[in-house]
12 protein chains.
Amino acid sequence: MVVSAKSQNKTPKPFIRIIHGPNLNLLGQREPETYGYQTLDEVNHLLTMRGETLGLTVAFFQSNHEGELIDAIQQSIQDTEGLIINPAGLTHTSVALGDAMAVYPHPSVEVHLSNIYAREVFRHHSYVSSHVTGVLCGLGAQGYSMALNFLAEKI
Amino acid sequence: MVVSAKSQNKTPKPFIRIIHGPNLNLLGQREPETYGYQTLDEVNHLLTMRGETLGLTVAFFQSNHEGELIDAIQQSIQDTEGLIINPAGLTHTSVALGDAMAVYPHPSVEVHLSNIYAREVFRHHSYVSSHVTGVLCGLGAQGYSMALNFLAEKI
Amino acid sequence: MVVSAKSQNKTPKPFIRIIHGPNLNLLGQREPETYGYQTLDEVNHLLTMRGETLGLTVAFFQSNHEGELIDAIQQSIQDTEGLIINPAGLTHTSVALGDAMAVYPHPSVEVHLSNIYAREVFRHHSYVSSHVTGVLCGLGAQGYSMALNFLAEKI
Amino acid sequence: MVVSAKSQNKTPKPFIRIIHGPNLNLLGQREPETYGYQTLDEVNHLLTMRGETLGLTVAFFQSNHEGELIDAIQQSIQDTEGLIINPAGLTHTSVALGDAMAVYPHPSVEVHLSNIYAREVFRHHSYVSSHVTGVLCGLGAQGYSMALNFLAEKI
Amino acid sequence: MVVSAKSQNKTPKPFIRIIHGPNLNLLGQREPETYGYQTLDEVNHLLTMRGETLGLTVAFFQSNHEGELIDAIQQSIQDTEGLIINPAGLTHTSVALGDAMAVYPHPSVEVHLSNIYAREVFRHHSYVSSHVTGVLCGLGAQGYSMALNFLAEKI
Amino acid sequence: MVVSAKSQNKTPKPFIRIIHGPNLNLLGQREPETYGYQTLDEVNHLLTMRGETLGLTVAFFQSNHEGELIDAIQQSIQDTEGLIINPAGLTHTSVALGDAMAVYPHPSVEVHLSNIYAREVFRHHSYVSSHVTGVLCGLGAQGYSMALNFLAEKI
Amino acid sequence: MVVSAKSQNKTPKPFIRIIHGPNLNLLGQREPETYGYQTLDEVNHLLTMRGETLGLTVAFFQSNHEGELIDAIQQSIQDTEGLIINPAGLTHTSVALGDAMAVYPHPSVEVHLSNIYAREVFRHHSYVSSHVTGVLCGLGAQGYSMALNFLAEKI
Amino acid sequence: MVVSAKSQNKTPKPFIRIIHGPNLNLLGQREPETYGYQTLDEVNHLLTMRGETLGLTVAFFQSNHEGELIDAIQQSIQDTEGLIINPAGLTHTSVALGDAMAVYPHPSVEVHLSNIYAREVFRHHSYVSSHVTGVLCGLGAQGYSMALNFLAEKI
Amino acid sequence: MVVSAKSQNKTPKPFIRIIHGPNLNLLGQREPETYGYQTLDEVNHLLTMRGETLGLTVAFFQSNHEGELIDAIQQSIQDTEGLIINPAGLTHTSVALGDAMAVYPHPSVEVHLSNIYAREVFRHHSYVSSHVTGVLCGLGAQGYSMALNFLAEKI
Amino acid sequence: MVVSAKSQNKTPKPFIRIIHGPNLNLLGQREPETYGYQTLDEVNHLLTMRGETLGLTVAFFQSNHEGELIDAIQQSIQDTEGLIINPAGLTHTSVALGDAMAVYPHPSVEVHLSNIYAREVFRHHSYVSSHVTGVLCGLGAQGYSMALNFLAEKI
Amino acid sequence: MVVSAKSQNKTPKPFIRIIHGPNLNLLGQREPETYGYQTLDEVNHLLTMRGETLGLTVAFFQSNHEGELIDAIQQSIQDTEGLIINPAGLTHTSVALGDAMAVYPHPSVEVHLSNIYAREVFRHHSYVSSHVTGVLCGLGAQGYSMALNFLAEKI
Amino acid sequence: MVVSAKSQNKTPKPFIRIIHGPNLNLLGQREPETYGYQTLDEVNHLLTMRGETLGLTVAFFQSNHEGELIDAIQQSIQDTEGLIINPAGLTHTSVALGDAMAVYPHPSVEVHLSNIYAREVFRHHSYVSSHVTGVLCGLGAQGYSMALNFLAEKI
C-alpha cells in the first residue's frame with residue numbers, strides 16, 4: 001500500500017517519496033559486497049533523518065510489482081514535490097514505468113546502488129533515465145541521500 | 001477487479017471487453033496534445049453508448065499491472081465474444097501478454113491512441129500484434145469506436 | 001491515369017481519393033484466404049456507396065508503378081480533403097512515397113488488408129506510417145470503410 | 001497467496017516449491033498439442049505424489065503477476081531447500097525475476113514444457129537461466145518430475 | 001509494351017516469357033568483362049532459337065521501370081506456362097516484385113548473369129528468390145539457356 | 001520525356017543534364033524552410049543562365065518514376081559530357097539507379113538540397129554516392145550551381 | 001568406430017545410443033570444477049547400469065570428428081529407438097549435425113553438462129536444439145541419466 | 001576414399017568430379033518432399049549417363065566429413081577439369097571448404113537441391129559461393145545435370 | 001599545464017582534482033539552456049569554496065586535448081586522494097581515457113552536466129563509467145558539488 | 001599555433017579559417033592518385049588567392065592533434081565569419097570535434113578531398129556533418145575553393 | 001597420424017608440436033603472393049633446424065580434418081611442453097578447437113601467415129585466440145620461427 | 001619531443017623507432033599481473049641492447065597524445081627503415097592513427113603486451129592492423145624484441 005501524503009504529511013514541509021523497485025527489500029541480504037550491509041529499513045531510517053535536517057518529509061515505497069510502482073508514481077504526481085526512484089531490474093525492461101515518469105511534473109532523480117555500467121551489458125540501458133532530471137549510480141545508499149540534497153535545493 | 005460478464009451481462013447481447021493498459025487512467029492529463037483531452041471515464045461513457053447503438057454490451061478494465069491485464073484477458077476467453085486491447089507501454093515488452101492473447105479465440109483488435117510509428121523506435125514493435133485480428137493506431141479515442149464497429153460486424 | 005477531382009467532383013461534397021499500390025489489382029485472385037475473395041472493383045464499388053452514405057465523393061487509383069502513386073499523392077494535395085493509401089509492397093521500401101505523403105496537408109490513413117505484423121519481419125516497418133494520421137491493418141476490405149468513416153468525421 | 005512452509009510443512013521432509021509463471025493456469029486448454037492435455041491441477045497432483053515417493057514435500061504457486069512470482073521466490077529463500085521455476089513468457093523479458101533467482105541459495109531448475117529453441121527467436125534467450133543450476137525444456141510435464149528427481153538427489 | 005501471348009502465340013507450343021530488369025538493355029556495353037560482350041538482342045535471338053529447339057515459344061520483355069516489370073509478371077500469370085526473370089538491381093530492393101512473383105502459379109527461374117555472391121554484400125539478399133522455383137547465377141547468358149532447358153522439362 | 005541533346009544542342013557547347021528525382025517538382029511548396037522558397041522552374045532558369053556564363057548547354061529532367069530516371073541516365077551516356085543528379089528519396093533505396101550511374105563515363109555530381117546527415121538515419125546512406133565523382137549536400141539550390149562550376153572546370 | 005546394434009543388441013530390449021562430442025573424452029581432466037571429476041568411462045559405466053534398471057540396452061560413441069558424429073547419428077536412424085547427444089563445441093557451429101538430427105525419427109535429448117546459458121554468449125545458440133525432443137543442461141553427468149529416464153518412458 | 005582420376009580415367013575424356021556433402025547419402029530418405037525421392041546412387045547413375053552423352057567422365061564423392069571433402073577438392077585440383085559441389089550443411093559454416101575452393105583453378109558450380117533462399121535465414125549465406133564460377137539452387141537433382149551441361153560447354 | 005599538488009597543497013588537507021574535458025571551457029556560452037549560464041571559472045570558484053567547507057583542497061584542470069587529460073589523470077595518481085572527471089565528448093570515444101582511469105587507485109566520480117540519457121544514442125555509452133566509483137548526470141553544476149560531498153565522506 | 005584574426009586581419013574584409021585535420025600535411029605525398037599531387041602549401045596558396053578574388057581574408061590551420069583542432073574551432077567562434085573544416089580521420093571518431101562545431105554560430109562547410117562514400121564503411125559516418133551548413137566530398141582540392149564561393153555568397 | 005613424442009623424442013630435449021590446419025599442405029601452391037613460395041615441407045625443414053639451434057625437438061602435424069587437429073591437441077597435452085598452431089580456416093568457425101586449446105596447460109602460440117586483419121571481416125574473429133598465450137600474424141613463415149623462439153625462452 | 005634520426009643516428013646502421021601509446025609510461029605500475037613488472041625504461045633499455053646485437057639503432061617515443069603519435073609516425077616516414085607501434089587504447093578508436101600508418105612505406109609491426117583477444121570485445125578490433133606488415137600480441141615485452149628480430153631480417 002502506498003502511504004499517501006494526505007494522512008501522513010500534516011506539516012507544511014515539502015513531501016518527497018522514495019520508490020524502491022524489485023528485490024530491494026532484500027537489501028543487506030543480497031550480495032552485500034555489491035549492495036552494502038544495511039537493510040532497507042536502516043537505509044530508510046537514515047533518509048528520514050536526513051530529510052528532517054533538510055526540512056523535507058520523506059515517505060517510502062517498495063514493491064516487487066511493476067504495477068504497484070506505477071501506481072505509486074501516479075499518486076506522487078498528486079501528493080509530492082520531488083521523487084527519487086530506484087527501479088532496480090525494471091530499469092532495463094519497463095517502458096510502462098518510463099511512461100509513468102514522463103507524466104511526473106516535479107524534479108526527480110533515478111538512483112542505482114551499484115555502478116550499473118560496470119555490470120552486464122543489458123544493465124547499461126534505462127527506459128527511465130530520459131524522463132528524470134538526473135541519474136546517480138554506484139554511490140551506494142549514499143546516493144539516495146545525495147538525491148535528497150539535490151531535491152531540497154531544487155524545491 | 002475485472003467485472004465479469006456473469007454479473008453484468010443480463011441481456012443476450014454480445015459481450016465485449018475493452019482493456020486499457022498502464023497509465024491510460026491518466027487520459028486527459030498525460031500529454032493531452034498527444035493523447036487527447038477526454039478522461040478515460042468520458043471515453044468509456046461514449047463507448048458504452050456506441051455499444052448500445054451497435055447492440056453490444058461493453059465492459060471496461062484498466063490496470064497498471066501486467067498480471068491483472070493477463071487475468072482480464074483470460075476471463076475474457078470465458079465471457080466475451082470480442083476483445084479490444086490497448087496494451088500501452090506493455091505492448092513493446094510483454095511476451096506474457098502476447099501469450100495470453102494467443103489463447104483468445106474470438107475477434108480482437110489492438111488499439112493505440114497515438115501513431116506509434118511516428119514516435120521512438122522501441123514503440124514500433126509489438127508482442128501483441130501478431131495475436132490479434134487487426135491493429136489501429138493514431139486515430140485517438142475514435143480508434144476504440146471504430147474497433148467496436150469492426151467487432152459488431154464480425155460477430 | 002489519375003482521375004482528377006476537377007472533372008468528376010461536380011458537387012460540393014468533400015473529395016476523397018483511395019490509392020491502391022502494387023498487386024492490389026489482383027485482389028480476389030491473390031492468396032484469397034489472406035486478402036479476401038472480393039475483387040478490387042467490388043471493393044471500390046462498396047466504398048463508393050459507403051462514401052455516398054457519408055456525404056463523400058470517393059475516387060480510386062491503382063497502380064503497380066511507384067512513380068504513378070507519387071503523382072497521385074501530389075495531385076491529391078490539390079484536389080482532395082482526405083486520403084486513404086494502401087502502399088502494399090512499397091510500404092517497406094519506398095522513401096520517396098513517404099516523402100510525398102509528408103507534403104500531404106489533410107487527414108490521411110494507411111490501410112493494410114492483412115495483419116502485416118503477423119507476417120515476415122521486413123513487413124513490420126513502414127516508410128509511410130510516420131507521415132499519416134493513423135494506420136489500420138488486418139481488418140480486410142472493411143479497413144478501407146472504417147478509414148472512410150474516420151475521414152468523414154475529421155473533415 | 002504463496003502457501004508458506006511454516007503452516008504446511010509439519011514434517012521434517014525437505015520442502016520444495018514449484019513456481020508456474022503467466023498463462024500456465026490455462027494448461028490443458030492452451031494449444032494442447034504443444035503444452036499437453038493435462039490441467040495444471042492434474043500436473044500438480046502427480047508431482048505431489050512423485051514428491052512423496054522421493055521423500056519431499058512439494059508446494060505449488062502459479063501467478064500471472066511478475067511481482068507475485070518475485071515474492072514467491074523471495075519467500076522460498078526462507079522456507080525451501082530446492083526450487084523449480086517455469087517463468088513462461090517472463091523468461092525472456094524479466095530482469096527482476098532473474099535478479100530474484102540470483103539470491104536464491106539452494107539448487108534450482110528452470111523448466112519449459114515446450115522446446116523453446118524450436119519456436120520464435122525471442123524465446124531463445126532467458127534472463128533466468130544464468131541464475132539456476134540447470135535448465136530442462138521440451139520434455140512436457142515430465143520435465144517437472146525429472147527436476148524433482150534431480151533436486152532429491154542434490155539435497 | 002509487354003507483347004502478349006494472344007497476338008503472338010498462334011501455335012499450341014508452350015509460351016515462356018523472359019523478363020529482363022533495369023540496365024540489362026545496356027548489355028554488351030556495361031562492364032563487359034563482368035556481364036559479357038553480347039548485346040541483349042543477340043542474347044534474346046539465341047534464346048529464341050534455343051526455345052524452338054525445345055518446342056517453346058519465347059517472348060522477351062525489358063524495362064527499367066519496376067511497375068512495368070510487375071505488369072509483365074501479372075500478364076504472364078494469364079498467358080505463360082513458365083517464367084524466367086532477371087530482376088537486376090531491383091532484386092535486392094523490391095518487395096513489390098517479390099509479391100507479384102508470389103502469385104505466379106507456374107515454374108519460374110531467377111537468373112543473374114554475374115555471381116552476385118562474389119560482389120557487394122547488399123547484392124546477397126533477394127526479395128524474389130523465395131518466390132521462384134530455383135535460382136541460377138554466375139553462368140553468364142548461358143544461365144538463361146539453362147533455365148529454358150529446366151522449364152522445358154518441367155512443363 | 002527526356003529532351004535529347006540531338007534536338008536541342010545545336011551549338012558545339014558541352015551538354016550537361018541535371019536530373020531531379022521524386023517530389024522535387026514540389027520545390028518551393030514542400031517544407032520551404034528546409035528546401036527553399038524557389039520553385040523548380042525558377043531554379044532551372046537560374047541554372048540555365050549560369051550554364052550560359054560557363055559556356056555549357058544545360059538540360060533538365062524531373063520525374064517521380066525510378067524507371068524514367070534510369071532512362072534519363074542511360075540517354076545521358078549518349079548525349080552529355082557531365083551529369084548532375086539529385087536522386088531525392090530514391091538515393092537511399094535504389095540499387096538500380098546506382099547501377100545506371102556506374103555505367104556513366106563522364107564526371108558527375110550528386111546534389112542534395114538539405115543536409116541529409118542532419119536528418120533521419122536512413123537518409124545517411126546512398127546507393128549512388130559510390131558511383132559519382134563527388135557529393136554536395138546542405139547548400140540549397142546553390143549546390144546545383146556549384147556542381148555546374150565543378151563540371152565546367154573538369155570538362 | 002560406431003558399435004552397431006546388430007552385433008551388440010542380442011536381446012529384444014530397446015536400443016539407445018549416447019553420443020558424446022569433441023573433448024568429452026577428456027572428462028574428469030578438463031576443468032573438473034565445471035565438468036565434474038568422473039571420467040567418461042565411469043560415466044558410461046553408470047549409464048549402462050542405469051539402462052539395465054530401465055530395461056534399455058545403451059551403447060556409447062565419442063568422437064572429436066564432426067563427420068563421425070554425423071555417421072553415428074545416421075546409423076542410429078537404423079538401429080536405435082532413442083538417442084542422447086551432447087554435441088559439445090559443435091553445438092554452436094554445426095548446421096550439418098543439426099541436419100542429421102532432423103532426419104532422426106525417434107525421441108531424442110540434447111544434454112550439456114554445464115549450464116551453457118551461464119557461459120559465453122556464443123554458447124547460447126544451438127543448431128541442434130530445434131531438431132530434438134528436449135534439452136537438458138547444467139545438471140552434470142546426472143543429465144544423461146535423466147535423459148535415459150525420459151526415453152524409457154517415451155518408448 | 002576419393003576415387004582418383006588416375007585409376008579410373010583411362011580415356012582422354014575430360015574428367016569431372018561431383019562432390020556431395022553431409023547427409024546427402026540419405027537422399028530419397030530425408031524429407032523426400034523437399035529433396036526428392038531418388039537415392040544418391042540413382043542420381044549418380046543418371047549423371048554418369050548424362051556425362052557420357054556430353055563426352056565427360058564423371059566421378060563421385062560423398063562424405064559427412066569436412067576434412068574428407070577438402071581432401072577431395074585438393075585432389076580435384078590435380079586430376080579434374082571441372083568440379084560440381086553441393087556442400088550441404090557445411091555451405092554456411094565452413095571457411096576451410098571455401099578456402100579449398102579458392103585454390104581450384106577450373107570452372108566449378110555450387111549446386112543445392114532445395115531453394116535455400118526459401119528456408120531458414122542461416123541458409124542464405126555461403127562461404128563457398130564467392131569461390132565458384134556459378135551457383136544453382138532449387139532445381140532438384142536436375143541442377144547437377146544442368147551444371148554438367150555448363151561445364152561441358154566451358155571446357 | 002596541470003597544477004601539481006606539490007606546489008599548491010601546502011596544508012595537510014586531502015587534495016582533490018576536478019578534470020573538465022573538451023569544450024567545457026565554453027560553459028555559460030554553449031547552449032546555456034542545456035549546460036547552464038555559469039562560466040567555468042564561476043563554477044570552479046564555487047567548488048573551491050565548497051571544498052574549503054568540506055576540508056578539501058580542490059584543483060582544477062580543463063583541456064580540449066585527450067592526451068593532456070590522460071596526463072592529468074596520471075599525475076592525480078601521484079598527488080590526489082580523490083578525482084572528479086567530466087570527460088565530455090571523449091566519454092563516448094576514448095578507450096585510452098578509460099584505461100588511465102582504470103589505474104587510478106582512489107575514489108572517483110564521473111559527472112555530466114546534462115542528462116546524457118535524454119540525448120543522442122551515441123551519448124548513452126561511456127568508456128569511463130566502468131572504471132569510476134560512481135556516475136552522476138543531469139544535475140547541472142550541482143553535480144560537481146555533490147561529487148565533492150561524496151568524496152569528502154569516502155576519504 | 002592557430003594564427004588569430006586579430007594580428008592578421010587588418011582589413012575589414014570578412015575573415016574565414018580553413019582547418020585541415022590529421023595527415024593532411026602529407027598532401028601530395030600520401031596516395032596522390034586519391035588525394036592529388038598538390039602539397040598543402042600549394043593548395044593553401046591557391047585558396048588565399050581565391051579568397052582575395054572573393055574579398056575574403058583566409059587563414060589556415062593544420063594539426064594532427066584533436067585538441068588543437070578544437071582550440072582552433074573555439075577561436076574561430078571569436079574571430080571568423082565562416083569556417084571550412086576537413087576533419088580527415090577524426091571525422092568518424094570525434095564526438096568532441098562535433099560538439100565544438102555545434103557551438104560555431106556562422107556558416108560552415110565540411111570538405112573531404114576523396115569520395116568517402118566510395119571507401120571503407122567506417123568512413124560513411126561523420127560526427128561533424130550534422131553540425132555544419134553543408135558537406136562536399138570527392139571534388140579534390142577544388143572542394144575547398146567551392147566552399148569558399150559558398151561562404152562568400154552567404155556572408 | 002599424429003607422430004607421438006614417445007616414439008620420436010628419445011632425447012630429454014623439450015618437445016614442441018607445430019599443428020598446421022586445413023589447406024596448409026598446399027603451401028607454395030595456394031596464392032603464393034599471399035602465403036609465400038615455400039612448400040610446407042621446406043618450412044617444416046627450416047623449423048626443425050631452428051628447433052635444434054634452440055635445443056628443442058619439433059614435431060609437425062597437418063590435417064584438413066577438424067577432428068584430427070583436436071586429437072593432435074589432446075595428444076600434445078600428454079607429450080609436449082609447448083604448442084604452435086595455425087588453425088587456418090577453422091580459426092573462425094571452430095568452437096571445438098578452441099575448447100581443446102582451453103585444456104592445453106603449457107605455453108602456446110597461434111600463428112597466421114597472412115595479416116588476417118587486412119582481409120575479409122569474417123577472418124577478424126578467432127575462437128582460438130582467447131585460449132593461447134599469444135598471437136602472431138602477417139609475418140609469413142617467419143612467424144613460426146619467432147613463435148619457436150618465444151617458447152624456447154618460456155620453457 | 002620525437003627524437004629525430006638526424007641528430008642521433010650518426011652511424012650507418014638502420015634506424016628503427018618504437019612508438020608506445022597512451023598509458024604505457026605506467027608500465028610496471030599498471031595491473032602488473034597483466035602487463036608485467038618491468039618499467040618502460042627497463043623495457044626500452046633491453047630493446048636498445050637487443051638492437052645493438054642485431055645491428056640496429058633503436059629510438060623510442062611514448063606519448064598519451066594521439067596527435068604526437070601521428071607526428072612521430074610521420075617523422076618516421078622520413079628517418080626510419082622500420083617501425084614498431086603499440087597504439088594501446090588508441091588501437092580501437094583512432095582512424096587517424098591508422099591513416100598515418102597507411103602512408104608508412106617500410107616494414108612495420110603492431111605489438112600488444114596482453115592478449116587483447118582474451119579481453120573486452122571492444123579491444124578485438126584495430127584500426128591499425130590492416131596497415132602494418134604483421135601483428136603480435138600476448139607475448140609481453142618479449143613481443144617488442146621479436147618484432148625487432150623480424151624487422152632486422154626484413155631490412
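A note on names: the letters A, B, ... follow the listed sequences, proteins ahead of strands, and every chain is numbered from 1.
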Please determine, among K:Ile73, K:Val95, K:Leu97, the option with the most heavy-atom pairs under 4.5 Å with chain G.
K:Val95

Option that, when pairs with chain K are counted at under 4.5 Å, heavy atom only, ranks first among G:Leu90, G:Thr93, G:Asn23
G:Asn23

For the pair K:Tyr144 and K:His20, name the ring-plane relationship: parallel under 30°, tilted 30 to 60°, perpendicular over 60°.
perpendicular

Value rounded to 0.5 Å, distance of CG in K:Asn64 from CG in K:Asn25:
5.0 Å

Under 3.5 Å: donor-acceptor pair, side chain of K:Gln75, backbone of K:Ala72:
no

If you compare all heavy atoms of K:Ser129 against all heavy atoms of K:Val135, which two are closest, and at what distance to 0.1 Å?
OG-CG2, 3.8 Å

Flag the one option from G:Glu66, G:His65, G:Glu120 with the top tally of heavy-atom pairs under 4.5 Å to chain K.
G:His65

